[in-house]
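Report on the structure given below.
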Amino acid sequence: QVQLVESGGGSAQSGGSLRLSCAASGYAVSSKCMAWFRQAPGKEREGVASVSSYGKTYYGESVKGRFLVSQDDAKNTLNLEMNSLKPEDTAVYYCAAATYGGPYCPQFRQQGYSYWGQGTQVTVSS
């Protein structure tokens, strides 16, 4: 059974850093398309970063150059390093996994992901 559990959320000052981790069970993270999404209060859920099972990454425009997505095969986790945080990064962050891997991943098409974590809150104060 596939399960995703996020951790690492919390509070940070503007300009600070946080690192999120998504622990996967039931499959190897490097075998599936995976992504991070976020949802701020009153807004729709949006894509943050995605990674294919070939290691190709894709970032949303608002986080490009500040966030880094990576996979840790030894720990079987999907990680999101968030730097130069801004108050507008405040949101609940979710990791998601597709049922397949390969070079053609859903990127930020949410319907392409079948498994979701419960989310972790990130709050950035100015």
Side-chain angles (χ1 to χ4, degrees):
Q1 179 156 348
V2 173
Q3 280 193 318
L4 302 172
V5 179
E6 301 96 337
S7 62
S11 299
Q13 296 280 347
S14 183
S17 299
L18 283 173
R19 186 172 187 268
L20 304 184
S21 185
C22 173
S25 59
Y27 74 103
V29 292
S30 59
S31 68
K32 308 292 186 192
C33 301
M34 296 192 70
W36 285 98
F37 290 83
R38 68 185 181 186
Q39 187 167 22
K43 294 189 177 181
E44 293 187 354
R45 189 160 55 187
E46 64 174 357
V48 176
S50 70
V51 58
S52 76
S53 57
Y54 288 16
K56 184 174 176 61
T57 56
Y58 182 78
Y59 295 92
E61 285 299 320
S62 63
V63 305
K64 203 173 287 186
R66 299 188 297 123
F67 289 13
L68 180 68
V69 64
S70 63
Q71 295 169 321
D72 186 329
D73 291 340
K75 295 182 179 179
N76 208 38
T77 58
L78 178 73
N79 303 308
L80 185 68
E81 191 77 34
M82 305 186 294
N83 301 306
S84 301
L85 285 165
K86 304 176 181 179
E88 50 264 43
D89 293 321
T90 295
V92 177
Y93 284 71
Y94 301 90
C95 72
T99 58
Y100 59 92
Y104 304 111
C105 286
Q107 292 186 346
F108 295 158
R109 185 171 55 84
Q110 297 185 41
Q111 302 93 321
Y113 295 94
S114 298
Y115 305 105
W116 294 81
Q118 83 288 351
T120 186
Q121 176 71 47
V122 170
T123 303
V124 183
S125 57
S126 57

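Hydrogens, waters and symmetry mates are skipped; everything else that's a heavy atom, side chains included, is used. FYI, the numbering just counts along the sequence from 1.
- V29 pairs with exactly one of D73, L4, T77 by the side-chain contact (heavy atoms from CB on, under 4.5 Å) rule, that one being D73.
- A pairwise comparison of heavy atoms in A91 and A40 identifies CB-N, 3.8 Å as the closest pair.
- When all heavy atoms are compared, the tightest approach of F67 to Y59 is O-CE2, 3.3 Å.
- Checked against the 6.0 Å centroid criterion, the rings of Y113 and F37 qualify as a close aromatic pair.
- With E88 contributing its side chain and S62 its backbone, the two residues share no donor-acceptor pair below 3.5 Å.
- For V122 against G9, the heavy-atom pair with the smallest separation is CG2-CA, 4.2 Å.
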Subject >> Intermediate values then yes/no, side-chain contact (heavy atoms from CB on, under 4.5 Å), C105 and Y54 >> reply: CA-CA 10 Å; C105 286; Y54 288 16; over 6 Å; no
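- With hydrogens and angles ignored, the 3.5 Å screen pairs no side-chain donor or acceptor of E6 with any backbone N or O of L20.
- Checked against side chain to side chain donor-acceptor pair (under 3.5 Å), R66 has the following partners two or more places apart in sequence or in another chain: D89.
- The shortest non-hydrogen separation linking S114 to T99 is OG-CG2, 3.3 Å.
- Within the 4.5 Å cutoff, the side chain of Y93 has heavy atoms near those of the M82 side chain.
- In this structure, Q39 and K43 approach most closely via the heavy-atom pair NE2-O, 3.1 Å.
- Using a distance-only test at 3.5 Å, with no hydrogens or angles considered, a donor-acceptor pair links the side chain of S53 to the main chain of G102.
- Shown here for C95 and L78, the closest heavy-atom pair between the two residues is CB-CD2, 4.4 Å.
- In this structure, V63 and R38 have side chains that are in contact, with non-hydrogen atoms separated by less than 4.5 Å.
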